[in-house]
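A short worksheet on the structure shown next.
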Amino acid sequence: MTETTIAILSLARQFRYLDALRQFKISLLTIHFSHLLPTLPLLVKSSSALFLHRTTYQLHSLSVKTNSISHIHVLTSLISAYSRLRYPNLASRLFLPILPVVCYNALISGFTLNSMSDQSFSVFRLLLRNSLSFSATTLLSLLPSLLSLQFHARPVHAIVLKSGLSNDPSVGNAFLSMYARSGEVSEARKLFDEMVERNNGDLITWNAMISGYAQNSMADQVIRLYRMMIKRDDVLPDSVTFVGVLSSCASLGATDVGREVDRRIKASENRSPLSGNTFVGNALINMHARCGDLKRAREVFDSMTERTVVTWTAVISGYGMHGDGEAAASLFQAMLNSGIRPDGVAMLSVLSACSHAGMTDVGMRYFSGMTETFGVSPSVEHYACMVDLLGRAGLLKGALELIQSMPMKPDGAVWGSLLGACKIHRDVRMGEAAFSHVVELEPENVGYYVLLSNIYTDVGEMEGVAKIRRMMKEKGLKKDAGCSYIEHKQKIHLFLADDQRHPLKKDIYQTVRRLEAMVEVRGGGVGGEVRGVHSEKLAIGFGLLSTEVGMRIVVMKNLRVCNDCHEFIKLVSEIIGREVVVRDASRFHHFRDGFCSCKDFW
DNA sequence: GTCCGTCTTG
């Protein structure tokens, strides 16, 4: 091998693909091609990694002309290259069944990469039929396809166990995530425990399990596993871990854990540049915003050096859910100015911000310009959001007309938005119409029954309430239990309505009663004995007992706050002179000095 | 030569 050959190979191995290609081109002028032949596979890899179509073709035809294509390594690299360039059919034309397993692997991976799961599986069957034995690489390339073909992980896993390949951690990890992705979380956990036990697991094993839980909405398990992880000294969390943990903190509203992660990320600055990681930054923004700390979310946003559309979306929806539509809209504008095009999710975040802030005209303008100005065609979700926006503003007829004009079939969320608007504006007849659609599309969704029932209650049509109750009974549906919780010293204190289980129960009820008495003096309603004590009141009572004077109290709630409690908390915020923040199912309410940031509009 | 196992936004 010449010095030049070695130089080219080493450049490519250091991922300096462009340098490798340039070096090759220059060398061709002085050195005979035959000396450079050993560099062909890595050159092909370099050109395809850089998505240089023409260069890849040229290398291909050079291989043909010089008869190098008969070299298996060259052929393998070309199969892989065409797959990467999204020409799986060209790749498969180069393939022959007599080739060695690596070529099968390249093709299997090529089809997987191009979402051609059937073809990927066929090549694997061909491999078995030709009595070739597969490798770990084969499995890693094949499993994603099997998953999308809805194969069960277990039988495949059983076969692989016999092959001995499952001792390879990456194969174990692949199966672990296959179990998790197909919803078999406990199987995934079993495999995880075995791997950790056999000392066969690594950082990726932990990450796969953490994100497996996250994908299955098991946020509490994510936090538990993370706590286990940081106690160990054989594994250190990285950016992927933090992203998974942070998204769970966000959905739970686990502020303390989230802040601990934030500190850890900041502290890690010297070891590895975690704070410069865009994924981590995005996750942090989302976590802080959804835990109620918009200020810190903004600080993270401001500190970021690279901002993707996801970054902007996270901060825009942050302001949106806290009711600051102006800020959301101006950030959206800033995003456009910075040259980033919105995608469907970004549009949704700004539309929803407008909706929550009552910025009807602005929202309508964004919506009508979606296709032309922003290049995003409205999906059913955007329509649902617009129905919400029009409906909240009291334009119920306009909302209905929008639904009737939709180019696609309205789904449950669309009719549900209309139903929600009918609740705000107490429109029984249109509410019934919306309900009749939604009950057909999502007969199991309890929330909609409750909404209509509440409309009946609000206007005093008690026979309607009874009718809904009968319907629910017939279908065996039960109201979701409302619960509220508050985090204190890394522990979640959760309350149901009339909850009697908390150790501080006596003090909590006493506090709530005292607040109710003070509210009544000011002419406020307290819901009272008939309805019992809603969970948010208990959480606020606990918050008052457990936090320092003057600190704000942050409560998370699974359902929407009811009217009575909303009025109650407004007055409480005035009485105690503290800010009370409630995150309910749809947004944040900041109660201060007798007012709520939602302007009674939620 | 083949490789992919983990990652954020509504």
Side-chain angles (χ1 to χ4, degrees), chain A residues 12 38-45 71-81 83-84 91 95 99-110 112-113 134-145 168-178 180-181 195 201-215 237-248 250 277-287 289-290 304 307-318 320-321 342-353 355 379 381-382 384-385 413 586:
Chain A
T39 64
L40 264 180
L42 276 173
L43 289 171
V44 169
K45 182 181 184 170
H71 287 77
I72 301 273
H73 289 195
V74 176
L75 196 54
T76 315
S77 67
L78 279 167
I79 292 174
S80 161
S83 303
R84 232 193 296 248
F95 175 82
L99 294 169
V101 174
V102 268
C103 295
Y104 282 81
N105 293 347
L107 193 59
I108 290 172
S109 134
T112 298
L113 196 67
F134 52 83
S135 65
T137 304
T138 320
L139 292 173
L140 295 182
S141 315
L142 177 70
L143 287 186
S145 283
D168 185 324
S170 49
V171 173
N173 293 337
F175 275 105
L176 168 39
S177 75
M178 188 174 172
R181 278 181 216 269
M195 290 178 71
D202 53 11
L203 173 60
I204 294 183
T205 314
W206 285 84
N207 287 348
M209 193 64 240
I210 284 177
S211 25
Y213 278 135
Q215 280 151 13
D238 71 348
S239 60
V240 178
T241 323
F242 289 133
V243 165
V245 174
L246 285 171
S247 82
S248 296
N277 181 307
T278 309
F279 276 52
V280 171
N282 298 345
L284 274 173
I285 294 173
N286 181 40
M287 183 276 294
R290 296 191 54 188
M304 286 172 68
R307 299 187 186 121
T308 66
V309 67
V310 178
T311 318
W312 288 96
T313 304
V315 75
I316 290 168
S317 63
M321 64 185 136
D343 63 3
V345 186
M347 287 310 305
L348 213 48
S349 71
V350 72
L351 290 176
S352 138
S355 171
S379 72
E381 280 110 332
H382 296 104
C385 194
S586 72

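Hydrogens, waters and symmetry mates play no part in the numbers below; they use all other heavy atoms, side chains included.
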Can you check whether [X] reaches [Y] side chain to side chain, under 4.5 Å on heavy atoms?
{"X": "A:Met304", "Y": "A:Ile285", "value": "yes"}
{"X": "A:Asn173", "Y": "A:Asp202", "value": "yes"}
{"X": "A:Ile210", "Y": "A:Thr241", "value": "yes"}
{"X": "A:Thr137", "Y": "A:Val102", "value": "no"}

Would you say [X] places a side-chain N or O within less than 4.0 Å of OP1 or OP2 belonging to [N]?
{"X": "A:Asn286", "N": "B:dT9", "result": "yes"}
{"X": "A:Arg181", "N": "B:dT6", "result": "yes"}
{"X": "A:Gln215", "N": "B:dC7", "result": "yes"}

Distance check needed: [N] [atom2] versus [X] [atom1], whole Å only.
{"X": "A:Leu142", "N": "B:dC3", "atom1": "CG", "atom2": "C1'", "value": "12 Å"}
{"X": "A:Asn105", "N": "B:dT2", "atom1": "CG", "atom2": "P", "value": "11 Å"}
{"X": "A:Met287", "N": "B:dG10", "atom1": "CE", "atom2": "C1'", "value": "19 Å"}
{"X": "A:Trp312", "N": "B:dT9", "atom1": "CH2", "atom2": "P", "value": "19 Å"}
{"X": "A:Tyr104", "N": "B:dT2", "atom1": "OH", "atom2": "C1'", "value": "14 Å"}
{"X": "A:Asn207", "N": "B:dC7", "atom1": "CG", "atom2": "P", "value": "8 Å"}
{"X": "A:Leu139", "N": "B:dT2", "atom1": "CG", "atom2": "P", "value": "18 Å"}
{"X": "A:Ile108", "N": "B:dG1", "atom1": "CD1", "atom2": "P", "value": "19 Å"}

Go through [options] for me and flag the one nearest to the [X] side chain.
{"X": "A:Ile204", "options": "B:dT6, B:dG1, B:dG10", "answer": "B:dT6"}
{"X": "A:His73", "options": "B:dG10, B:dG1, B:dT2", "answer": "B:dG1"}
{"X": "A:Ser109", "options": "B:dC3, B:dG10, B:dT6", "answer": "B:dC3"}
{"X": "A:Ser211", "options": "B:dT6, B:dG5, B:dT2", "answer": "B:dT6"}
{"X": "A:Val102", "options": "B:dT9, B:dT2, B:dT6", "answer": "B:dT2"}
{"X": "A:Val240", "options": "B:dG10, B:dC3, B:dT6", "answer": "B:dT6"}

> Is there a donor in the side chain of A:Ser77 and an acceptor in the side chain of A:Ser80, or the other way round, less than 3.5 Å apart?
Replying inline: no
Reckon [X] touches a base, only the sugar-phosphate, or nothing at all at heavy-atom distances under 4.0 Å?
{"X": "A:Arg307", "value": "nothing"}
{"X": "A:Ser141", "value": "sugar-phosphate"}
{"X": "A:Ser80", "value": "sugar-phosphate"}
{"X": "A:Val243", "value": "sugar-phosphate"}
{"X": "A:Ile79", "value": "nothing"}

> Would A:His73 and A:Thr76 count as a side-chain hydrogen bond (donor to acceptor under 3.5 Å, both in side chains) if you check the C-alpha gap in whole Å, the side-chain angles of each, and the deciding distance to 0.1 Å?
Replying inline: CA-CA 5 Å; A:His73 289 195; A:Thr76 315; over 6 Å; no
>> Between the base of B:dG5 and the side chain of A:Asp202, is there a donor and acceptor pair under 3.5 angstrom?
In response: yes
> Can A:Phe279 be classed as stacking with the base of B:dT8, given a centroid separation cut-off of 5.5 Å and a plane angle cut-off of 30°?
Replying inline: yes
